[in-house]
Amino acid sequence: MALDFSAIEAKWRKAWYEAKVNESVPVPGKKKFFMIFAYPGVTGYLHVGHMRGYTFSDAVVRYKMMTGHQVLFPVGTHATGNGAITFARRVERGDPVAVDVLRANGVPEETIAKLKDPMEVVKFLNDVFINDYWKRFGFMSDWRRFTCTIYPDYSKFIEWQMRKLMSEGLLIQKPYFAPACLEHGPVAIDASETDISKGGNAEVLEYTVLKFDLEDGRKLVAATLRPETVFGLTNFWVNPEVEYVDAQVDGEIWVVSREAAEKLALQKDKVLVKGSADGASLMAKRCRAPYTGKMIPIFPSVLCDPNVGTGLVMSVPSDAPVDWIGLVELRKDTAQRERYGITDQMMDEAAPIPIIDTPGWGSLPAIEITERMGIDSLADPKLEEATKEIYKTGFHKGVMNEICGGFAGQPVERAKDAMRDEMLSSGQADLFYDLSEEVLCRCGGKVLVKKIPDQWFIDYASPTLTERAKEHALTMKILPREYYENMQAVLEWYRERACVRLGNWLGTRFPFDQKWIIEAIADSTLYPAYYIVSRYANEGLVRPDGMTEEFFDFVMLGKGNSEAVATSTGVPRETLDAIRSEFEYWHPLDINLGGKEHMTVHFPVFLMNHVAILRPEHWPRGIIVNWYITATGGKISKSKGGAQPIPDAAERFGVDAMRLFYAHIASLYVDVPWDDEKVEGYRDRLERLWSQVQELLEVRADEESGIDAWLAARMQTRLFTLHRYMDTYDLRSYVNDVYFEMPRDFKWYLRRYGKNKSVVSKALETWIALMAPVTPHIAEEMWQLSGREQFVSTYQIQPGSVDEHIIIEEAKERLIERLMADVAEIVKVTGLEPKRTVVMVAPKWKQEMLAMALSDPKGKPDVPALIKGAISTVESPAAKKEVPAYAKDVSTEVMKASAEDRQMLGALIDEMSVLSAAKGFLESELGCAVEIFAADDPGRADPKGKARLAKPGRPAIYLE
RNA sequence: GCAGGGGUAGCCAAGCCCGGUCAACGGCGCAAGGCUUAGGACCUUGUCCAGAAGUGGUUCCGCGGUUCGAAUCCGCGCCCCUGCACCA
């Protein structure tokens, strides 16, 4: 009987939302729990992987709700930036990929037509996220509080946030070099390629440009990442095939490639191209190197790429494999040399000069590595690897050698910056920024690095802010543990961050200068606080124009009084007071959950903005990071499943099966591939549990059974450990016990002839309730099936306690289980089919000795003392002989035991009566007669002398 | 480069912070038996090696160390992975 999961889900989500159990209401005096997950950006559809973190959050929130908390679990979306614009553009030009995806998701043509408008895209995707994802998954979210970063009221909040940062002195202005499209302004370079169409892996490199004087006063300008190597300069490379220009920069004439001049113009105040410069005419001339003043010859090289750096290269053959091979090739290329008049003597002058001592390398590593790797041509692709290798080891381990003047003996790592700074201040060098690979804007135009002279930053480098944030982070619950420790380093490492951008983006205008739009990360740091206000905005109780500085100062910081604020804003006083008291009730935020990509971006700024703006008692209490659901190759793909739209997956597998999959497949802190079959496996498990609940509801008897006390006890220990798991948000362990261990408890109960209706009913109530946080729909259905009213979702789960009585009940059953396992083991090894099983219970003196050993305060029982104690009480000579061996045995057993084991070992039970009571059960399970004796009963049957093996908790066994 | 993470039985994956409860949770796969043979089923048991007695042996990337005792702590080595700023 397959369950109709879809129907069950629809039924319960409707019921919950109609009954408004999802709406968050402060109840003064009652505990609260406030959790969010980092809201997603509305750049397109989400996939099944995204639901992992959201579902985890919902399960935690539901659990909190069922354990005595009022919960606040609001959701929103992030629309700042150009994601929605890009989306709309694609629809507008009929991009088949974009349009097909929409059609595949069942979007009608008239709706698609509307999506040419970015605002419509935001609206549309907001609806998709809320209805098709979050509501579909049954989230306990207060939908009245939904907000989006481009709502006018949200903007008011962001303006206020920026004003607070400004008054705290945390907004600063300085030049910035940002990747930008000439057409569209600054763009983000990242692998997901939100803003760009090519080059997502490029980075902005900071080159030192070194100026080499020509005789005529012009300067050849080379861009390098290794300014410290000027001591090893032997020659200069110019590409005779390339067109260079004379560019006037800061009153000097620089010779650079035409492309470089264009780039320079974006970064320097005044760059004037005066005319073209012929590369060939420079050949065999000399130029003066910066810093050392050495005159070096100019040689031809086809490797000077006009698009890279300045299009000119300085040559350091000692440490740059490319330069060395260039020289080798040039020496052989007599035709080229004759053409440009390069003599043998000039070649000899360009012999490599050792400048860096690197452990593991000789004095000329470039030569060494090219020989080792067998590189003898500039065409060899291995050159790049060789360069990287030398650069890496040289940079980290190298030391400048004795010819390096004032830098001799300095590690390269330090010398590099020191030399750059020295040459910069003497005017022999300059800085130049370039991208490591070609980047193209969405529009197809080139992305180049552009200087923005008046860029605004949030000063996350501020020492006081950093210190306060670090200190506070130490008091937070940050999971996983590794990230808790890492957070200190991340906060320390965080620098100023650009917080506004130019161009046509969605977002809030910068209140201090309207030409800027507040950037996407800056407007998403303090927003948990805004969910307190959003409800009032959504319901029209506060309008954006009432959201003044005084308004937010009052509701979030408690500044001023509601009467005055009501007068100045026009917002009714009672509304102001209500918001203010909600703010106080729900804050601080208990958990912010987000994907691992937030670890070095969002979480630190989230923290620092709270610290900078809100009062300390309102700073967030916890962060949980989740890893991803992936497919082989890293991204969700069609082949492994998972590419289907979320509603389709929900239809196919069932929401609860997906929720169970997310919660159990692995710890939150590892990546896991999506796998259709696994999800099906979880769905099957839910169906089995459903059948088991039905079966348990068949239990009807009124009379007690011997196993009743055990089931009740077991429920208590389960509750106890389950709550302990949830204290650390260890949902996986929780799920493992509830869905995989607890079913066995019930099975064992029935197997042991348990049949008491009220006992089962009580245990079942607990069990179904424990399922509700993770698989709420099926849990509600079970709840209803078992004749219960109300929602299981609002039921309060008991805390669970473990006392001595409970331990004894558990120990009794453990005796039976161990006995059966031992018999099974013996049967397996011997191949016997027992006709009779003789069970011999350990004598009293062994129990006493065990108790004595357990009572040892150091946990290291004293064997001689144990022997002495037993000898006096034991009477039979045969038993006396056993004493020393058993004493040793008991001692090691006690030493090895954990605290829980000791409790169990120490539980004093009357084994004889426990086994006698279970005799019928054992006979039926073992399929033979069972006889129970005391091991020291002379009347027992023990032809094989097994009786002496009897230990407390593990009786001796004889089979025949 | 900066800041971090990881290597566990056929596969996935717990455990590692707080050493003994660990031959090592759980799932998947596989095997045997049962139940049924409408069903991607379900139930029980087993699944490192050895064993006619409940046991012993060998394991948690490799090598060393600390300890009565190490998958867990320390050192070295090999291999793999993640995030990194106007992308949320």
Side-chain angles (χ1 to χ4, degrees), chain A residues 2 38-43 78 80-81 83 149 176 178-179 186-195 200 203 391-392 395-396 455 457 460 480-483 485-486 489-490 492-503 505 517-522 524 594-602 604-605 627-628 664-667 669-673 675 677-678 680-685 687-688 691 730 732-733 735-737 739-741 747 751 818-819 821-832 860 892 895-902 904 944 946 949 954 956-959:
Chain A
Y39 49 28
V42 282
T43 50
H78 186 263
T80 310
T149 58
Y176 183 61
V187 296
I189 296 186
D190 74 291
S192 62
E193 300 190 341
T194 314
D195 290 356
E203 339 176 35
Y391 183 86
K392 210 165 114 184
F395 181 74
H396 290 288
Q455 175 69 51
F457 292 81
Y460 294 119
R481 194 176 60 240
E482 293 81 356
Y483 184 52
E485 277 144 34
N486 189 205
V490 172
E492 186 64 48
W493 157 85
Y494 224 94
R495 305 197 301 270
E496 303 88 349
R497 188 181 160 110
C499 62
V500 292
R501 59 200 294 187
L502 300 166
W505 317 93
I517 302 278
I518 293 162
E519 172 275 327
I521 288 167
S524 318
K596 62 181 175 182
E597 76 276 21
H598 295 100
M599 286 195 293
T600 51
V601 183
H602 170 251
V605 297
W627 266 241
Y628 305 145
H664 185 255
I665 188 69
S667 125
Y669 316 126
V670 296
D671 290 332
V672 186
D675 187 334
E677 285 182 27
K678 292 273 168 65
E680 280 164 2
Y682 285 104
R683 185 194 51 204
D684 292 346
R685 159 111 358 211
E687 291 191 342
R688 261 179 272 165
S691 311
D730 182 0
R732 184 184 188 267
S733 295
V735 166
N736 204 60
D737 277 18
Y739 294 83
F740 295 94
E741 302 291 346
K747 275 179 200 156
R751 195 166 159 196
R818 275 256 36 160
L819 177 67
D822 281 346
V823 171
E825 172 88 9
I826 296 166
V827 167
K828 182 187 155 202
V829 172
T830 61
L832 284 172
K860 273 194 175 183
T892 50
M895 262 199 289
K896 275 168 111 176
S898 67
E900 279 165 45
D901 270 354
R902 279 161 200 247
M904 204 56 99
K944 290 217 165 179
K946 297 290 177 191
L949 292 176
R954 300 200 58 190
I957 298 160
Y958 166 65
L959 299 185

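In what follows, chains are A, B, ... by sequence order, proteins preceding strands, each numbered from 1.
Separating the OH atom of A/Tyr628 from the C1' atom of B/U82 is a distance of 9 Å, rounded to the nearest angstrom. Note: CE (A/Met599) to P (B/G5) measures 10 Å, nearest angstrom. As a whole-Å value, the separation of A/Tyr460 OH from B/C84 P is 17 Å. Following rounding to the nearest Å, A/Trp627 (CH2) and B/G4 (P) show an atom-to-atom distance of 14 Å. If you take CD of A/Glu485 and P of B/G5, they are 8 Å apart, rounded to a whole angstrom. When rounded to the nearest whole Å, the span between CZ of A/Phe740 and P of B/G26 equals 10 Å. Rounded to a whole Å, the NZ atom of A/Lys678 is 16 Å from the C1' atom of B/G40.
B/G33 is paired with B/C43 under the criterion used here, namely a Watson-Crick or G-U wobble arrangement in which both key atom distances are under 3.5 Å. Here B/U66 sits opposite no nucleotide as a Watson-Crick or G-U wobble pair (both hydrogen-bonding atom distances under 3.5 Å). Under the Watson-Crick or G-U wobble criterion, with both distances below 3.5 Å, B/U59 has no partner in any strand shown. In this structure, B/C84 forms a base pair with B/G1, meeting either the Watson-Crick or the G-U wobble geometry with both donor-acceptor distances under 3.5 Å. The partner of B/C11 is B/G27, judged by Watson-Crick or G-U wobble contacts that both fall below 3.5 Å.
When the side-chain nitrogen and oxygen atoms of A/Arg688 are compared with OP1 and OP2 of B/C43, one or more of them lie within a distance under 4.0 Å. Phosphate proximity of B/A14 to A/Ser667: present, with a side-chain N or O under 4.0 Å from OP1 or OP2.
Across the P atoms, B/A24 and B/G75 are found 30 Å apart, a figure rounded to whole Å. Comparing B/C68 with B/U45, their P atoms sit 41 Å apart, to the nearest whole Å. Here, B/G7 and B/U59 have their C1' atoms 16 Å apart, quoted to the whole Å. Comparing the P positions of B/C18 and B/G6 gives a spacing of 14 Å, expressed to the nearest Å. Remark: the separation of the P atoms in B/U8 and B/G15 is 14 Å, to the nearest Å. On the C1' atoms, B/G69 is 30 Å away from B/C79, given to the nearest whole Å. Rounded to the nearest Å, the gap between the P atom of B/A9 and that of B/G4 is 29 Å. The gap from the P atom of B/C49 to that of B/A13 amounts to 24 Å, rounded to the nearest Å.
If A/Gly41 and A/Thr830 are placed on RNA chain B by their nearest nucleotide, the residue sitting closer to the 5' end is A/Thr830. Closest-nucleotide positions on RNA chain B for A/Asp730 and A/Tyr39 were compared, and the one nearer the 5' end corresponds to A/Asp730.
Distances were taken from every side-chain heavy atom of A/Ala666 (C-beta onward) to each of B/A3, B/A13, B/C28; the shortest belongs to B/A13. Residue A/Lys747 places its side chain closer to B/C43 than to any other of B/C43, B/C84, B/A53. Which of B/A53, B/C2, B/G54 sits closest to the side chain of A/Trp493 comes down to B/C2. Side-chain proximity of A/Val829 to the nucleotides B/C2, B/A53, B/C43 is greatest for B/A53. Which of B/G26, B/G40, B/G51 sits closest to the side chain of A/Glu741 comes down to B/G26. Looking at the side chain of A/Lys828, the nearest of the listed nucleotides B/G27, B/A85, B/G51 is B/G51. Across B/G26, B/A3, B/A53, the shortest atom-to-atom separation from the side chain of A/Val490 is found for B/A3. When distances run from any side-chain atom of A/Tyr494 to the nucleotides B/G27, B/A85, B/G6, the shortest one goes to B/A85. Checked against B/A85, B/G27, B/A53, the side chain of A/Arg495 finds its nearest nucleotide in B/A85. Side-chain proximity of A/Arg683 to B/C12, B/G40, B/G26: nearest is B/G40.
Between the base of B/G54 and the side chain of A/Asp822 there is a donor-acceptor pair shorter than 3.5 Å. Judged by distance alone, with hydrogens and angles left aside, A/Arg481 brings a side-chain donor or acceptor within reach of the base of B/C17, the pair sitting under 3.5 Å.
In this structure, A/Ala956 reaches the bases: a heavy-atom distance under 4.0 Å links it to at least one base atom across the strands shown. No contact: A/Val735 has no heavy atom under 4.0 Å from any strand. Residue A/Asn736 is classed as a base contact, given a heavy-atom separation below 4.0 Å to a base. Base contact: A/Glu597 has a heavy atom under 4.0 Å from a base atom. Among the protein residues, A/Ala489 comes within range of the sugar-phosphate backbone only, with heavy atoms under 4.0 Å from sugar or phosphate atoms but none that close to a base. Among the atoms of the strands shown, none is found under 4.0 Å from any heavy atom of A/His602.
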- Would A/Arg685 and A/Phe740 satisfy side-chain contact (heavy atoms from CB on, under 4.5 Å), going step by step from the backbone distance to the final call? CA-CA 9 Å; A/Arg685 159 111 358 211; A/Phe740 295 94; 3.0 Å; yes

- Test side-chain contact (heavy atoms from CB on, under 4.5 Å) on A/Lys946 and A/Ile957 and set out the steps. CA-CA 7 Å; A/Lys946 297 290 177 191; A/Ile957 298 160; over 6 Å; no

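Of all heavy-atom pairs spanning A/Ala666 and A/Val672, the tightest one is CB-CG2, 3.4 Å. Here the closest non-hydrogen pair linking A/Thr80 and A/Ile518 is CG2-O, 3.7 Å.
Contact check on A/Asp684 versus A/Arg688 returns no salt bridge, with no Lys/Arg side-chain nitrogen under 4.0 Å from an Asp/Glu carboxylate oxygen.
Exactly one residue among A/His78, A/Arg497, A/His602 makes a side chain to side chain contact (heavy atoms under 4.5 Å, CB included) with A/Ile521. That residue is A/Arg497.
Between A/Tyr739 and A/His664, the ring centre distance reaches or exceeds 6.0 Å.
Using modelled atom types, no side-chain atom of A/Tyr494 and backbone atom of A/Pro604 make a donor-acceptor pair closer than 3.5 Å. Looking only at distances, a side-chain donor or acceptor of A/Gln455 sits under 3.5 Å from a matching main-chain atom of A/Val500.
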